[in-house]
Amino acid sequence: MGTPDFAKVCFESLLTTENDVIGVITQPDKPKGRGYALMPPPVKVSALENNIPVYQPDTLKDESFANLLEKLDPELIVVVAYGKILPKNVLDYPKYGCINVHGSLLPKYRGAAPIQRAIIDGEKTTGITTMYMEEGLDTGDMIEMYEIAIRPEDNFETLHDKLADLGAYALMSTVKVIASGNVKRYKQDDSKSTYAKKIEKADCLVDFSKSAEEIHNLIRGTSPFPLSFAFLNGKMIKFTSSFLTDKTSKEPAGKVVSLEKGNVYVATGDGVIGIDGVLPEGKGRMKASDFVNGRKISEGDIFTSEK
RNA sequence: CGCGGGGUAGAGCAGUUGGUAGCUCGUCGGGCUCAUAACCCGGAGGUCGUGUGGUUCAAGUCCCACCCCCGCAA
(Lines give C-alpha, C1' and ligand atoms only; values in the text may rest on other atoms or scores of the structure.)
Protein backbone atom coordinates (compact mmCIF):
# COMPACT_ATOMS: atom_id res chain seq x y z
CA MET A 1 0.00 0.00 0.00
CA GLY A 2 1.46 3.30 -1.04
CA THR A 3 0.97 6.31 -3.23
CA PRO A 4 3.76 8.71 -4.25
CA ASP A 5 7.16 8.27 -5.86
CA PHE A 6 8.69 7.54 -2.50
CA ALA A 7 6.52 4.44 -2.26
CA LYS A 8 7.09 3.51 -5.87
CA VAL A 9 10.75 2.82 -5.26
CA CYS A 10 9.89 0.36 -2.48
CA PHE A 11 7.24 -1.23 -4.60
CA GLU A 12 9.50 -1.81 -7.55
CA SER A 13 12.19 -3.24 -5.32
CA LEU A 14 9.74 -5.70 -3.86
CA LEU A 15 8.98 -6.94 -7.33
CA THR A 16 12.58 -7.98 -7.75
CA THR A 17 12.40 -10.30 -4.77
CA GLU A 18 11.01 -13.77 -4.65
CA ASN A 19 8.08 -12.51 -2.64
CA ASP A 20 4.75 -12.70 -4.31
CA VAL A 21 3.29 -9.24 -4.64
CA ILE A 22 -0.39 -9.98 -4.93
CA GLY A 23 -1.86 -6.54 -5.16
CA VAL A 24 -1.35 -2.83 -4.75
CA ILE A 25 -3.60 -0.53 -2.82
CA THR A 26 -3.25 3.14 -3.58
CA GLN A 27 -5.19 6.36 -3.41
CA PRO A 28 -7.89 6.98 -5.99
CA ASP A 29 -6.94 9.08 -9.00
CA LYS A 30 -7.37 12.67 -8.10
CA PRO A 31 -7.96 15.77 -10.14
CA LYS A 32 -4.72 17.65 -10.22
CA GLY A 33 -3.08 20.36 -12.20
CA ARG A 34 -4.57 22.70 -14.72
CA GLY A 35 -8.08 21.91 -15.77
CA TYR A 36 -8.34 19.34 -13.02
CA ALA A 37 -7.12 16.46 -15.11
CA LEU A 38 -7.39 13.16 -13.30
CA MET A 39 -3.94 11.99 -12.29
CA PRO A 40 -3.10 8.46 -11.25
CA PRO A 41 -0.69 8.10 -8.34
CA PRO A 42 2.87 7.03 -9.31
CA VAL A 43 2.50 3.69 -7.60
CA LYS A 44 -0.53 2.91 -9.71
CA VAL A 45 1.28 3.71 -12.91
CA SER A 46 4.11 1.44 -11.93
CA ALA A 47 1.80 -1.35 -10.85
CA LEU A 48 -0.04 -1.29 -14.14
CA GLU A 49 3.24 -1.44 -16.03
CA ASN A 50 4.19 -4.47 -14.00
CA ASN A 51 0.85 -6.17 -14.31
CA ILE A 52 0.09 -6.13 -10.62
CA PRO A 53 -3.59 -5.72 -9.71
CA VAL A 54 -4.38 -2.23 -8.43
CA TYR A 55 -7.10 -1.29 -5.98
CA GLN A 56 -8.06 2.26 -5.15
CA PRO A 57 -10.66 2.17 -2.40
CA ASP A 58 -12.10 5.43 -1.13
CA THR A 59 -12.10 4.03 2.35
CA LEU A 60 -10.67 1.04 4.15
CA LYS A 61 -13.38 1.07 6.74
CA ASP A 62 -16.21 -0.54 4.88
CA GLU A 63 -17.29 -4.00 4.05
CA SER A 64 -16.14 -4.00 0.49
CA PHE A 65 -12.57 -3.47 1.58
CA ALA A 66 -12.90 -6.17 4.21
CA ASN A 67 -14.02 -8.47 1.44
CA LEU A 68 -11.12 -7.47 -0.75
CA LEU A 69 -8.76 -8.18 2.09
CA GLU A 70 -10.09 -11.69 2.43
CA LYS A 71 -9.97 -12.24 -1.24
CA LEU A 72 -6.34 -11.16 -1.48
CA ASP A 73 -5.53 -12.84 1.79
CA PRO A 74 -2.09 -11.23 2.28
CA GLU A 75 0.45 -12.70 4.63
CA LEU A 76 2.20 -9.37 5.00
CA ILE A 77 1.13 -5.84 4.21
CA VAL A 78 3.79 -3.27 3.42
CA VAL A 79 2.73 0.34 3.75
CA VAL A 80 4.81 3.20 2.40
CA ALA A 81 3.36 6.70 2.30
CA TYR A 82 -0.11 5.48 1.54
CA GLY A 83 -1.98 8.42 2.93
CA LYS A 84 -4.76 6.72 4.81
CA ILE A 85 -5.05 5.37 8.34
CA LEU A 86 -5.39 1.61 8.47
CA PRO A 87 -8.26 0.44 10.66
CA LYS A 88 -7.64 -2.23 13.26
CA ASN A 89 -9.19 -5.07 11.32
CA VAL A 90 -6.70 -4.48 8.54
CA LEU A 91 -3.73 -4.15 10.88
CA ASP A 92 -4.66 -7.45 12.49
CA TYR A 93 -5.31 -9.39 9.33
CA PRO A 94 -1.96 -10.48 7.88
CA LYS A 95 -0.16 -13.38 9.46
CA TYR A 96 3.11 -11.45 9.50
CA GLY A 97 1.52 -8.14 10.28
CA CYS A 98 1.59 -4.74 8.66
CA ILE A 99 4.91 -3.01 8.35
CA ASN A 100 5.75 0.52 7.42
CA VAL A 101 8.76 2.27 5.92
CA HIS A 102 9.13 5.72 7.42
CA GLY A 103 11.50 8.47 6.32
CA SER A 104 13.02 9.44 9.63
CA LEU A 105 14.84 8.07 12.64
CA LEU A 106 11.88 7.34 14.85
CA PRO A 107 10.61 8.40 17.27
CA LYS A 108 11.67 11.71 15.79
CA TYR A 109 9.65 13.15 12.95
CA ARG A 110 6.59 10.99 13.11
CA GLY A 111 3.97 12.05 10.64
CA ALA A 112 3.48 13.38 7.17
CA ALA A 113 6.56 15.41 6.28
CA PRO A 114 9.59 13.92 8.00
CA ILE A 115 12.03 14.60 5.18
CA GLN A 116 11.23 18.25 4.73
CA ARG A 117 11.02 18.93 8.44
CA ALA A 118 14.39 17.40 9.10
CA ILE A 119 16.01 19.72 6.56
CA ILE A 120 14.07 22.75 7.70
CA ASP A 121 15.12 22.10 11.28
CA GLY A 122 18.73 21.94 10.21
CA GLU A 123 19.24 18.33 11.24
CA LYS A 124 22.57 16.83 10.28
CA THR A 125 21.30 13.30 9.92
CA THR A 126 18.08 11.48 9.29
CA GLY A 127 17.22 8.05 8.01
CA ILE A 128 14.78 5.28 7.49
CA THR A 129 12.93 3.27 10.09
CA THR A 130 10.95 0.13 9.38
CA MET A 131 8.35 -0.83 11.92
CA TYR A 132 5.24 -2.71 12.74
CA MET A 133 2.17 -0.60 12.46
CA GLU A 134 -0.32 0.02 15.17
CA GLU A 135 -3.25 2.33 15.47
CA GLY A 136 -1.24 5.35 16.51
CA LEU A 137 0.46 7.47 13.90
CA ASP A 138 3.96 6.05 13.34
CA THR A 139 4.08 4.77 16.90
CA GLY A 140 4.57 1.04 16.32
CA ASP A 141 7.49 -1.09 17.35
CA MET A 142 10.59 -0.51 15.27
CA ILE A 143 12.37 -3.27 13.39
CA GLU A 144 15.33 -1.73 11.62
CA MET A 145 16.85 1.70 11.35
CA TYR A 146 19.28 3.16 8.83
CA GLU A 147 20.96 6.51 9.25
CA ILE A 148 22.04 8.87 6.53
CA ALA A 149 23.73 12.28 6.55
CA ILE A 150 21.91 15.38 5.45
CA ARG A 151 24.50 17.18 3.43
CA PRO A 152 24.67 20.97 3.26
CA GLU A 153 23.90 20.81 -0.43
CA ASP A 154 20.93 18.51 -0.05
CA ASN A 155 17.48 19.79 -0.74
CA PHE A 156 14.15 18.06 -0.41
CA GLU A 157 14.53 16.42 -3.78
CA THR A 158 17.99 14.98 -3.32
CA LEU A 159 17.31 13.81 0.20
CA HIS A 160 13.97 12.39 -0.82
CA ASP A 161 15.62 10.36 -3.55
CA LYS A 162 18.34 9.11 -1.26
CA LEU A 163 15.84 8.13 1.39
CA ALA A 164 13.60 6.46 -1.15
CA ASP A 165 16.50 4.25 -2.19
CA LEU A 166 17.52 3.64 1.37
CA GLY A 167 13.93 2.89 2.24
CA ALA A 168 13.74 0.25 -0.43
CA TYR A 169 16.97 -1.24 0.80
CA ALA A 170 15.68 -1.26 4.38
CA LEU A 171 12.44 -2.82 3.29
CA MET A 172 14.21 -5.65 1.49
CA SER A 173 16.18 -6.37 4.59
CA THR A 174 13.24 -6.19 6.94
CA VAL A 175 11.10 -8.43 4.82
CA LYS A 176 13.88 -10.95 4.80
CA VAL A 177 14.21 -10.78 8.55
CA ILE A 178 10.49 -11.25 8.97
CA ALA A 179 10.51 -14.21 6.65
CA SER A 180 13.31 -15.75 8.66
CA GLY A 181 11.18 -15.61 11.77
CA ASN A 182 13.72 -13.90 14.01
CA VAL A 183 12.30 -10.45 14.19
CA LYS A 184 13.29 -8.22 17.04
CA ARG A 185 10.97 -5.42 18.01
CA TYR A 186 12.12 -2.22 19.59
CA LYS A 187 9.72 -0.01 21.45
CA GLN A 188 9.76 3.67 20.60
CA ASP A 189 10.62 6.05 23.39
CA ASP A 190 7.53 8.18 23.24
CA SER A 191 9.08 10.80 25.47
CA LYS A 192 11.52 11.61 22.66
CA SER A 193 9.01 11.69 19.88
CA THR A 194 8.47 14.70 17.68
CA TYR A 195 5.84 15.25 15.09
CA ALA A 196 6.58 16.33 11.52
CA LYS A 197 3.34 17.92 10.56
CA LYS A 198 2.38 18.47 6.98
CA ILE A 199 3.97 21.48 5.31
CA GLU A 200 1.40 24.23 5.08
CA LYS A 201 1.54 27.29 2.93
CA ALA A 202 2.12 29.43 5.99
CA ASP A 203 5.24 27.38 6.74
CA CYS A 204 6.65 28.40 3.39
CA LEU A 205 6.54 32.14 3.84
CA VAL A 206 10.10 33.34 4.25
CA ASP A 207 10.69 35.58 7.23
CA PHE A 208 13.87 37.43 6.40
CA SER A 209 14.30 38.53 9.99
CA LYS A 210 15.35 35.00 10.76
CA SER A 211 18.94 33.95 10.29
CA ALA A 212 20.39 33.26 6.87
CA GLU A 213 20.91 29.66 7.89
CA GLU A 214 17.31 29.15 8.96
CA ILE A 215 16.08 30.69 5.75
CA HIS A 216 18.44 28.58 3.69
CA ASN A 217 17.17 25.46 5.43
CA LEU A 218 13.59 26.44 4.70
CA ILE A 219 14.37 27.12 1.06
CA ARG A 220 16.15 23.85 0.47
CA GLY A 221 13.73 21.87 2.61
CA THR A 222 10.84 22.98 0.43
CA SER A 223 12.58 22.77 -2.92
CA PRO A 224 11.63 21.76 -5.53
CA PHE A 225 8.26 21.43 -3.86
CA PRO A 226 6.23 23.18 -2.58
CA LEU A 227 8.75 26.06 -2.52
CA SER A 228 9.14 28.88 -0.06
CA PHE A 229 8.19 32.38 -1.06
CA ALA A 230 8.00 36.06 -0.24
CA PHE A 231 6.71 39.14 -2.01
CA LEU A 232 8.67 41.58 -4.11
CA ASN A 233 7.13 44.72 -5.54
CA GLY A 234 3.66 43.35 -5.01
CA LYS A 235 4.29 40.02 -6.66
CA MET A 236 4.89 36.62 -5.22
CA ILE A 237 8.26 35.15 -5.87
CA LYS A 238 9.29 31.67 -4.86
CA PHE A 239 12.78 30.53 -4.04
CA THR A 240 14.12 27.38 -5.60
CA SER A 241 17.73 27.55 -4.55
CA SER A 242 19.92 29.50 -2.15
CA PHE A 243 23.31 29.45 -0.53
CA LEU A 244 24.98 30.81 2.57
CA THR A 245 27.51 33.60 2.32
CA ASP A 246 30.04 35.20 4.58
CA LYS A 247 28.78 38.63 3.71
CA THR A 248 27.33 40.87 6.35
CA SER A 249 25.04 43.83 6.08
CA LYS A 250 23.47 46.43 8.27
CA GLU A 251 20.57 46.82 5.89
CA PRO A 252 17.12 45.88 7.17
CA ALA A 253 16.09 42.24 6.76
CA GLY A 254 14.63 41.50 3.36
CA LYS A 255 16.52 44.20 1.49
CA VAL A 256 18.41 43.29 -1.66
CA VAL A 257 21.96 44.35 -0.92
CA SER A 258 23.66 43.17 -4.08
CA LEU A 259 23.09 41.51 -7.44
CA GLU A 260 26.67 40.43 -7.90
CA LYS A 261 27.15 37.90 -10.70
CA GLY A 262 23.43 37.58 -11.11
CA ASN A 263 22.82 36.19 -7.67
CA VAL A 264 20.40 37.97 -5.41
CA TYR A 265 21.92 38.78 -2.05
CA VAL A 266 19.40 39.57 0.62
CA ALA A 267 19.95 40.88 4.13
CA THR A 268 18.51 38.71 6.89
CA GLY A 269 18.26 38.93 10.65
CA ASP A 270 21.67 37.34 10.78
CA GLY A 271 23.94 37.47 7.77
CA VAL A 272 23.29 37.74 4.06
CA ILE A 273 21.74 34.92 2.08
CA GLY A 274 22.43 34.35 -1.59
CA ILE A 275 19.59 33.30 -3.85
CA ASP A 276 20.44 31.71 -7.15
CA GLY A 277 17.14 30.22 -8.26
CA VAL A 278 13.66 31.70 -8.32
CA LEU A 279 10.18 31.20 -9.64
CA PRO A 280 8.41 34.50 -10.25
CA GLU A 281 4.64 34.64 -10.06
CA GLY A 282 3.14 33.53 -13.34
CA LYS A 283 6.50 32.35 -14.66
CA GLY A 284 8.56 29.23 -14.59
CA ARG A 285 11.66 28.33 -12.66
CA MET A 286 14.71 30.30 -13.63
CA LYS A 287 18.19 31.10 -12.52
CA ALA A 288 18.41 34.22 -10.42
CA SER A 289 20.71 35.69 -13.06
CA ASP A 290 17.97 35.38 -15.67
CA PHE A 291 15.60 37.12 -13.32
CA VAL A 292 18.11 39.87 -12.83
CA ASN A 293 18.81 40.18 -16.55
CA GLY A 294 15.13 40.57 -17.22
CA ARG A 295 15.31 43.72 -15.09
CA LYS A 296 12.78 42.46 -12.62
CA ILE A 297 14.74 43.34 -9.56
CA SER A 298 17.21 45.95 -8.49
CA GLU A 299 19.42 46.69 -5.57
CA GLY A 300 17.51 48.18 -2.71
CA ASP A 301 14.29 46.31 -3.45
CA ILE A 302 12.77 44.74 -0.39
CA PHE A 303 11.22 41.33 0.10
CA THR A 304 8.13 41.50 2.26
CA SER A 305 5.74 39.10 3.93
CA GLU A 306 2.69 40.36 2.13
CA LYS A 307 1.62 42.19 -0.99
C1' C B 1 -16.04 24.40 -18.75
C1' G B 2 -11.57 26.05 -11.38
C1' C B 3 -8.49 31.09 -11.63
C1' G B 4 -4.57 33.52 -14.08
C1' G B 5 0.19 34.56 -17.02
C1' G B 6 2.73 33.76 -21.54
C1' G B 7 4.73 32.20 -26.59
C1' U B 8 9.85 38.36 -29.96
C1' A B 9 17.90 36.41 -31.20
C1' G B 10 21.11 30.77 -26.95
C1' A B 11 18.68 32.78 -21.82
C1' G B 12 15.59 36.49 -19.23
C1' C B 13 12.73 40.60 -20.92
C1' A B 14 10.97 45.52 -23.57
C1' G B 15 8.35 46.97 -27.76
C1' U B 16 4.64 53.28 -26.62
C1' U B 17 -1.84 55.93 -29.72
C1' G B 18 -0.22 49.79 -35.79
C1' G B 19 4.77 52.18 -39.94
C1' U B 20 9.18 45.59 -41.25
C1' A B 21 12.45 45.18 -33.79
C1' G B 22 15.46 46.75 -29.07
C1' C B 23 17.64 45.91 -23.75
C1' U B 24 20.53 42.90 -20.14
C1' C B 25 23.28 38.48 -20.13
C1' G B 26 25.64 34.89 -22.98
C1' U B 27 28.43 33.97 -27.52
C1' C B 28 32.41 35.27 -31.40
C1' G B 29 36.52 38.73 -32.66
C1' G B 30 39.68 42.69 -31.03
C1' G B 31 41.62 46.09 -27.16
C1' C B 32 43.01 47.50 -22.13
C1' U B 33 45.29 45.08 -17.85
C1' C B 34 50.13 41.69 -13.81
C1' A B 35 45.29 39.76 -14.14
C1' U B 36 39.93 39.11 -14.26
C1' A B 37 33.55 36.51 -14.06
C1' A B 38 35.92 43.93 -14.48
C1' C B 39 36.15 47.72 -18.38
C1' C B 40 36.23 49.47 -23.82
C1' C B 41 35.31 48.59 -29.23
C1' G B 42 33.20 45.61 -32.93
C1' G B 43 30.40 41.25 -35.02
C1' A B 44 27.13 37.11 -35.53
C1' G B 45 22.35 35.69 -34.31
C1' G B 46 15.09 36.89 -34.92
C1' U B 47 10.19 34.01 -41.19
C1' C B 48 8.18 38.28 -33.72
C1' G B 49 4.12 30.08 -31.64
C1' U B 50 0.89 28.35 -36.08
C1' G B 51 -2.75 29.85 -39.82
C1' U B 52 -0.61 30.45 -48.28
C1' G B 53 -6.85 33.76 -41.95
C1' G B 54 -9.39 38.83 -41.24
C1' U B 55 -8.98 44.45 -40.95
C1' U B 56 -5.33 48.01 -43.12
C1' C B 57 -1.58 51.73 -47.74
C1' A B 58 1.06 49.25 -43.57
C1' A B 59 0.65 44.46 -37.90
C1' G B 60 5.16 41.96 -33.25
C1' U B 61 1.50 45.74 -32.28
C1' C B 62 -5.97 45.17 -33.69
C1' C B 63 -9.74 40.77 -34.76
C1' C B 64 -10.59 35.32 -35.41
C1' A B 65 -9.13 30.11 -35.03
C1' C B 66 -5.75 26.54 -33.53
C1' C B 67 -1.23 24.47 -31.10
C1' C B 68 2.11 24.68 -27.03
C1' C B 69 4.22 26.29 -22.26
C1' C B 70 3.82 28.07 -17.30
C1' G B 71 1.97 29.91 -12.41
C1' C B 72 -2.00 29.60 -8.67
C1' A B 73 -5.52 26.77 -6.44
C1' A B 74 -6.82 21.75 -5.13
Side-chain angles (χ1 to χ4, degrees), chain A residues 2-8 26-45 56-59 81-85 111-113 115-117 120 153 155-157 160 196-207 218-249 255-266 272-307:
Chain A
T3 303
D5 286 310
F6 189 80
K8 188 176 113 171
T26 190
Q27 294 275 8
D29 293 5
K30 285 186 180 161
K32 280 179 185 285
R34 278 179 288 281
Y36 285 107
L38 227 46
M39 295 292 285
V43 165
K44 175 184 180 179
V45 175
Q56 300 176 279
D58 287 320
T59 175
Y82 172 50
K84 284 193 195 309
I85 303 290
I115 306 174
Q116 295 99 313
R117 292 288 176 192
I120 292 170
E153 68 273 18
N155 65 12
F156 173 47
E157 180 174 42
H160 168 281
K197 68 176 195 299
K198 191 177 170 219
I199 306 285
E200 307 279 348
K201 179 149 189 162
D203 298 321
C204 296
L205 177 60
V206 174
D207 175 359
L218 174 62
I219 290 175
R220 66 197 186 105
T222 55
S223 178
F225 193 81
L227 292 181
S228 54
F229 66 96
F231 296 93
L232 181 73
N233 300 325
K235 297 217 170 175
M236 181 192 286
I237 178 165
K238 297 190 169 188
F239 307 110
T240 57
S241 177
S242 62
F243 56 94
L244 296 174
T245 74
D246 50 15
K247 292 173 184 289
T248 56
S249 170
K255 188 162 182 174
V256 177
V257 298
S258 161
L259 296 174
E260 203 177 313
K261 291 179 200 168
N263 292 317
V264 178
Y265 292 90
V266 185
V272 172
I273 189 169
I275 293 165
D276 55 355
V278 298
L279 188 162
E281 178 177 321
K283 294 291 187 176
R285 292 158 196 272
M286 62 179 76
K287 291 181 295 184
S289 58
D290 287 336
F291 187 64
V292 172
N293 282 336
R295 304 295 184 74
K296 296 294 187 182
I297 185 172
S298 37
E299 253 177 63
D301 284 355
I302 296 180
F303 284 101
T304 56
S305 303
E306 43 189 56
K307 289 195 174 181

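All heavy atoms count here, side chains included; hydrogens, waters and symmetry mates do not. So you know, we letter chains A, B, ... as the sequences are listed, proteins then strands, and number each from 1.
Distance A:K261 NZ to B:rU36 C1': 10 Å, rounded to the nearest Å. In this structure, A:E200 atom CD and B:rC72 atom C1' are separated by 17 Å, rounded to whole Å. In this structure, CG of A:L279 is placed 13 Å from P of B:rG12, rounded to the nearest angstrom. Protein atom CZ of A:F225 is 10 Å distant from nucleotide atom P of B:rG71, rounded to whole Å. As a whole-Å value, the separation of A:M286 CE from B:rG71 P is 11 Å. Distance A:N293 CG to B:rC25 P: 7 Å, rounded to the nearest Å. Atom CG of A:L38 and atom P of B:rA74 are 18 Å apart (whole Å). One can place NZ of A:K287 at 10 Å from P of B:rG26, the figure rounded to the nearest angstrom.
To the nearest 0.5 Å, the span separating NZ on A:K283 from NZ on A:K238 amounts to 16.0 Å. In this structure, OG1 on A:T222 lies 9.0 Å from CG on A:N155, to the nearest 0.5 angstrom. In this structure, A:N263 CG and A:S289 OG are separated by 7.5 Å, a value rounded to the nearest 0.5 Å. Taking NZ of A:K296 as the reference point, atom CD1 of A:I237 lies at 10.5 Å (rounded to 0.5 Å). Put simply, CD1 on A:I199 and SG on A:C204 are 6.0 Å apart, with the number rounded to the nearest 0.5 Å.
Aromatic pair A:F243/A:Y265: centroids less than 6.0 angstrom apart.
Within 6.0 Å of atom NZ in A:K287, 12 or fewer heavy atoms from other residues, nucleotides or ligands are found, so the atom counts as exposed in its surroundings. For A:E306, the CD atom counts as loosely surrounded, since its 6.0 Å shell holds 12 or fewer non-hydrogen atoms of other residues, nucleotides or ligands.
Base pairing analysis places B:rG4 opposite B:rC70; the two distances defining the Watson-Crick or G-U wobble pair are each below 3.5 Å. Nucleotide B:rC39 forms a pair with B:rG31, judged by Watson-Crick or G-U wobble geometry with both contacts under 3.5 Å. Look at B:rA21: it lacks any Watson-Crick or wobble partner with both distances under 3.5 angstrom.
Annotation: B:rU16 and B:rA59 have their C1' atoms spaced 15 Å apart (nearest Å). B:rU27 and B:rG19: their C1' atoms are spaced 32 Å apart (whole Å). Atom name P, nucleotides B:rG2 and B:rC13: the rounded distance is 27 Å, in whole Å. For the C1' atom pair drawn from B:rG7 and B:rU50, the interatomic distance equals 11 Å after rounding to whole Å. Taking the C1' atom of each, B:rU47 and B:rU20 are spaced 12 Å apart, rounded to whole Å. Of the P atoms belonging to B:rU61 and B:rA9, the separation is 15 Å, rounded to the nearest Å. Taking atom C1' in both B:rA35 and B:rC68, one finds a spacing of 48 Å when rounded to whole Å. Only the C1' atoms considered, B:rC32 is 11 Å distant from B:rC41, to the nearest whole Å.
Nucleic acid contact class of A:P280 (heavy atoms, under 4.0 Å, all strands): none. A:K238 comes within 4.0 angstrom of the backbone, heavy atoms only, and of no base.
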(message) What does the B/S/- profile of nucleotides 1-6 of chain B look like, 5' to 3', with a 4.0 Å heavy-atom cutoff to protein?
(response) -B-B--
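Taking for each of A:R295 and A:F291 the nucleotide of RNA chain B with the nearest heavy atom, the 5'-most of the two is the partner of A:F291.
Across all non-hydrogen atoms, the minimal contact from A:S249 to A:V257 is OG-CG1, 3.5 Å.
Of the listed nucleotides (B:rU24, B:rA74, B:rC72), B:rA74 has the atom at the smallest distance from the side chain of A:K32. Side chain of A:K201, nearest nucleotide from B:rA37, B:rC13, B:rC72: B:rC72.
Regarding contacts with the backbone of B:rA14, a side-chain N or O of A:K296 is found under 4.0 angstrom from either OP1 or OP2.
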